[in-house]
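In what follows, a structure is listed as structure tokens, so that the remarks can point back to it.
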There are 2 protein chains.
Amino acid sequence: MPARPEAWLSSPAVGATTSADWTRHALDRLSEAGHRSSAPRAAVVEALAELGCGVTAREIDEHLRGRGSRVGVASIYRSLELLTRNRLVTRVDVGEGTVRYEPLHPGGGHHHHLVCDTCGKVSAFEDDALERAIRQLSGRTEFEVSAHDVTLRGECPSCQRH
Amino acid sequence: MPARPEAWLSSPAVGATTSADWTRHALDRLSEAGHRSSAPRAAVVEALAELGCGVTAREIDEHLRGRGSRVGVASIYRSLELLTRNRLVTRVDVGEGTVRYEPLHPGGGHHHHLVCDTCGKVSAFEDDALERAIRQLSGRTEFEVSAHDVTLRGECPSCQRH
DNA sequence: CTGAGTGCAAACAGTTTGCATTACT
DNA sequence: AGTAATGCAAACTGTTTGCACTCAG
């Protein structure tokens with residue numbers, strides 16, 4: 001199993017919002033939706049904002065533990081589920097045994113992932129032609145397509161050199 | 001958890017080979033690669049051929065159990081791993097907690113998946129414009145792209161009617 | 001006869017759940 | 001006060017592994 005796919009991410013310009021903005025946005029939306037505010041949940045939101053793209057529950061746990069916040073795993077999973085239900089984060093399943101999550105920036109550019117099969121690093125990209133092809137295709141199926149996901153696999157530049 | 005995504009599949013014309021051909025092909029290739037032939041492994045291959053696209057290890061297990069073959073789960077997983085390593089099946093991770101596998105037909109048209117978020121059904125499609133966009137995009141990254149995976153999510157026609 | 005392949009059961013990893021407790025509102 | 005949210009630990013699910021046994025080459 002490849003090492004932890006850290007935020008190596010050649011992140012594309014990520015919409016108009018920064019991660020600090022997203023933290024506020026997420027907390028506000030949850031409160032609007034009638035949810036109580038709590039320290040553990042806020043900590044999870046903040047961790048997501050800081051860790052960025054393609055984070056696992058375990059990574060959030062370690063991050064929080066490292067900075068001294070004590071949040072039970074159950075609460076992490078429950079927060080992630082709530083955030084997902086409220087369209088504030090997306091699940092990015094890249095096909096390792098574990099699910100990754102990432103902040104969904106409000107008007108932010110929608111991106112996809114490149115996964116290095118050798119070292120496990122995950123990086124992001126966006127591509128208009130690809131989006132266009134998917135949009136057209138979606139119009140032609142009888143499915144009511146609400147989301148899509150593209151994963152490219154291969155070898156990252158630094159692994160190619162070895 | 002949605003019901004088992006059975007072979008609902010609006011299967012596109014799947015290359016030139018039938019599932020019977022694939023069974024032979026797979027067994028031949030394994031033997032060429034120096035692997036011994038064994039009944040349990042052959043049973044897994046045959047199950048894959050019969051069940052078709054997007055099958056889980058558990059489904060293979062049930063299928064085999066149903067027809068009286070006694071193959072341990074460990075052997076099923078080991079066979080799947082071997083077949084994957086030899087490019088005879090692909091893993092299709094659609095983002096439920098479990099991995100799906102499907103036969104890789106030799107010259108067969110490469111396809112992607114539509115997943116119904118309501119009932120869990122998985123169907124297949126192929127689209128040239130999409131492939132083209134991905135090919136061009138792949139040429140532009142520093143990644144050495146060797147594979148790609150596209151998943152569309154939404155609601156299937158029959159769920160839309162309810 | 002030799003080791004690739006098997007089956008069982010135990011081990012594992014990620015995630016979920018039941019329940020008593022805490023703490024927003 | 002009332003109840004949403006938490007934390008712990010136990011339960012579950014999918015998958016992997018150790019080991020003694022079997023059988024194809």
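The sequence lines fix the lettering, A, B, ..., with proteins before strands; numbering per chain opens at 1.
- As a whole-Å value, the separation of A:Ile76 CD1 from D:dA9 P is 15 Å.
- Contact annotation: B:Ser75 reaches the phosphate of C:dG7 (side-chain N/O to OP1 or OP2, under 4.0 Å).
- A search for salt bridge (Lys or Arg N to Asp or Glu O under 4.0 Å) contacts involving B:Arg85 returns B:Glu81, not counting sequence neighbours.
- Here D:dG14 presents its C1' atom at 13 Å from CD of B:Glu59, a figure rounded to the nearest Å.
- Between B:Glu96 atom CD and C:dT16 atom P there is a gap of 13 Å when expressed in whole angstrom units.
- Of the candidates C:dT15, C:dG5, C:dG7, C:dG7 carries the atom nearest the B:Pro40 side chain, counting heavy atoms from C-beta on.
- Put simply, CG on B:Asp61 is 11 Å from P on D:dT15, counting in whole angstrom units.
- When atom types are taken as modelled, the side chain of A:Gln160 and the backbone of B:Glu142 share a donor-acceptor pair closer than 3.5 angstrom.
- Against DNA chain D, the stretch residues 24-34 of chain A makes no heavy-atom approach under 4.0 Å.
- Here the straight-line distance linking atom CG of B:Leu30 with atom CG of B:Leu83 works out to 5.5 Å at 0.5 Å rounding.
- Between the side chain of A:Glu102 and the backbone N or O of A:Thr90 there is no donor-acceptor pair closer than 3.5 Å.
- Contacts with DNA chain D (heavy atom under 4.0 Å) in residues 79-95 of chain B: none are found.
- For the helix from C:dC1-D:dG25 to C:dT25-D:dA1, the angle separating the two terminal helix axes comes to 30°, with each axis derived from five pairs and the value rounded to 10°.
- B:Val44 is not listed as a side-chain neighbour of B:Tyr101, based on a closest heavy-atom distance of 4.5 Å or more.
- Between A:Arg100 atom CZ and C:dA13 atom P the separation is 16 Å, expressed in whole Å.
- Residue A:Arg70 places no side-chain N or O under 4.0 Å from the OP1 or OP2 atom of D:dG7.
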Could you pull out every donor-acceptor pair under 3.5 Å between side chains of residues 65-78 of chain B and any protein atom, sequence neighbours left out?
from, atom 1, to, atom 2, distance (Å)
B:Arg65, NH1, B:Asp61, OD1, 3.2
B:Arg65, NH1, B:Asp61, OD2, 2.9
B:Arg67, NH2, B:Glu46, OE2, 3.4
B:Arg67, NH2, B:Glu50, OE2, 3.2

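- Within the 4.0 Å cut-off from OP1 or OP2 of C:dT15, at least one side-chain nitrogen or oxygen of A:Thr98 is found.
- Nearer to the 5' terminus of DNA chain D, by closest-nucleotide assignment, is the contact made by A:Ala42 (compared with the other of A:Ala42 and B:Ser38).
- The side chain to side chain donor-acceptor pair (under 3.5 Å) contacts involving residues 27-45 of chain B comprise nothing, where partners must be two or more places apart or lie in separate chains.
- By the side chain to side chain contact (heavy atoms under 4.5 Å, CB included) test, A:Val145 is found to be paired with A:Ser138, A:Thr141, A:Phe143, B:Leu114, B:Leu152, residues two or more places apart in sequence or in another chain being considered.
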Distances for protein N or O near nucleotides 17-23 of chain C N or O, under 3.5 Å:
none

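- Among the protein residues, A:Thr56 comes within range of no part of the nucleic acid, since none of its heavy atoms lies under 4.0 Å from any strand.
- Put simply, the side chain of B:Trp22 gets close to the backbone of B:Leu88: a donor and an acceptor are under 3.5 Å apart.
- Atoms CZ and CG, on B:Arg135 and B:Asp128 in that order, are 8.0 Å from each other to the nearest 0.5 Å.
- Partners of A:Asp127 under the side-chain hydrogen bond (donor to acceptor under 3.5 Å, both in side chains) rule, at least two apart in sequence or in another chain, are B:Arg140.
- With DNA chain C read from its 5' end, the first of the two nearest nucleotides for B:His35 and B:Val73 is the one closest to B:His35.
- Annotation: salt bridge (Lys or Arg N to Asp or Glu O under 4.0 Å) contacts of B:Glu131 (sequence neighbours excluded): none.
- Residue pairs satisfying the salt bridge (Lys or Arg N to Asp or Glu O under 4.0 Å) criterion with at least one member in residues 147-162 of chain B, sequence neighbours excluded, are listed as follows: B:Asp117-B:Arg153.
- Under the ring pair (Phe, Tyr, Trp, His ring centres under 6.0 Å) criterion, B:His110 pairs with B:His112, B:His148, sequence neighbours left out.
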